[in-house]
Amino acid sequence: NAGVTQTPKFQVLKTGQSMTLQCAQDMNHNSMYWYRQDPGMGLRLIYYSASEGTTDKGEVPNGYNVSRLNKREFSLRLESAAPSQTSVYFCASSAGTANTGELFFGEGSRLTVL
Amino acid sequence: GQSLEQPSEVTAVEGAIVQINCTYQTSGFYGLSWYQQHDGGAPTFLSYNALDGLEETGRFSSFLSRSDSYGYLLLQELQMKDSASYFCAVRDGATGGFKTIFGAGTRLFVKA
């Protein structure tokens, strides 16, 4: 099983450019998440999708949009990239039930905005 | 909103026991998780406590006290490979769907 797959793994953008980070999971999970992690810091929740067809803002949603394309895929879009969005982005998925807290993470996408 | 507090750094020697504490505030608490992350890698799940008490998984144990909004991760027989960052995370269900909010992380240095 591939688990959670993110693309691209590395990206360099100029300020103002747009891009979409793709994420797919093959575990039939209900919930999917996008986090960002800045150097030496914890993971901050950008957006999440508790189930197919729903999306909600997390802690730091400004400057981002998301699409839950289907149960497998959850994409993150930067419409007009800013240097403050330079970060490592992690997609994660979970079964989405009350009795399990396990998130499965992708390998991360390292984004640099110049 | 949610907030979590954990120490920024802990140093211990190989073979020792170390405890990483976490206190949290959230309105829709369902459980407390712990994750390990090595430099350059993705976080990996260690444990989840939904009920009060101690959960043991090999050399790692995790404890939760819901009444005190407090938990800890206990690492025994420390090995050099345990040098990593450790994050506590609350599972919050206040808004109808479950989301997981992470603390800032504790950097563990294991010395020979």
Side-chain angles (χ1 to χ4, degrees), chain A residues 2-6 9-10 23 25 27 29-61 66 68 74 87-110, chain B residues 1-9 20 22 24-26 28-51 55 57 62 64 66 71 73 84-107 109:
Chain A
V4 179
T5 303
Q6 295 180 229
K9 289 186 169 47
F10 300 93
C23 176
Q25 53 90 10
M27 295 172 281
H29 282 166
N30 292 315
S31 302
M32 298 185 74
Y33 311 81
W34 276 106
Y35 292 90
R36 62 175 288 175
Q37 185 174 35
D38 299 320
M41 297 182 67
L43 296 98
R44 290 184 292 170
L45 183 63
I46 305 171
Y47 270 93
Y48 68 105
S49 171
S51 60
E52 187 179 358
T54 68
T55 60
D56 283 287
K57 295 178 181 179
E59 302 170 277
V60 288
V66 291
R68 183 74 182 267
F74 189 40
S87 191
V88 180
Y89 291 84
F90 287 101
C91 177
S93 70
S94 75
T97 58
N99 60 355
T100 176
E102 183 170 4
L103 265 60
F104 295 80
F105 284 86
E107 294 181 349
S109 298
R110 285 148 181 83
Chain B
Q2 301 83 15
S3 68
L4 296 97
E5 297 275 347
Q6 55 181 126
S8 58
E9 282 187 12
I20 300 174
C22 175
Y24 60 86
Q25 285 187 320
T26 183
F29 180 82
Y30 270 80
L32 187 71
S33 303
W34 290 91
Y35 289 80
Q36 178 191 62
Q37 185 181 34
H38 287 99
D39 286 346
T44 56
F45 174 81
L46 294 176
S47 68
Y48 178 66
N49 294 68
L51 303 175
E55 295 277 346
T57 309
S62 57
L64 175 66
R66 294 176 67 117
L73 179 69
S85 293
Y86 293 84
F87 297 91
C88 60
V90 292
R91 191 150 177 80
D92 185 290
T95 56
F98 297 106
K99 61 184 177 184
T100 299
I101 303 297
F102 285 76
T106 299
R107 182 87 179 193
F109 297 95

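Residue numbers begin at 1 in each chain, while the letters A, B, ... track the order of the sequences.
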Quick one: OH on Tyr48(A) to CZ on Phe98(B), what's the gap to the nearest 0.5 Å?
->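 Between atom OH of Tyr48(A) and atom CZ of Phe98(B) there are 10.5 Å.
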Kindly compute the distance separating CZ (Phe105(A)) from CD (Gln37(B)), expressed to the nearest 0.5 Å.
->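 Here the rounded value is 8.0 Å.
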If you tally heavy-atom pairs under 4.5 Å against chain B, which of Glu107(A), Arg110(A), Glu102(A), Arg44(A) wins?
->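 Top count of heavy-atom pairs under 4.5 Å with chain B: Glu102(A).
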Mind checking what makes side chain to side chain contact (heavy atoms under 4.5 Å, CB included) contact with Ser87(A), not counting sequence neighbours?
->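 Applying side chain to side chain contact (heavy atoms under 4.5 Å, CB included) to Ser87(A) gives Arg36(A), Asp38(A), Tyr89(A).
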Sidechain-backbone polar pair: Tyr35(B) side chain, Leu103(A) backbone, donor-acceptor under 3.5 Å =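 At least one qualifying donor-acceptor pair exists.
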Interchain contact, Ser94(A) with chain B, by part (heavy-atom threshold 4.5 Å) |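 Contact with chain B: side chain only.
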Is it the side chain or the backbone of Phe104(A) that comes within 4.5 Å of chain B heavy atoms, both, or neither?
->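 Neither; nothing under 4.5 Å.
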Do Thr100(B) and Leu45(A) have side-chain heavy atoms sitting under 4.5 Å apart?
->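 Side-chain contact under 4.5 Å: no.
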Restricting to non-hydrogen atoms, name the atom on [X] and the atom on [Y] that form the minimum distance, rounded to 0.1 Å.
| X | Y | value |
| --- | --- | --- |
| Ser33(B) | Gly101(A) | OG-O, 3.4 Å |
| Leu43(A) | Phe102(B) | O-CB, 3.5 Å |
| Gly106(A) | Ala42(B) | O-CB, 3.2 Å |

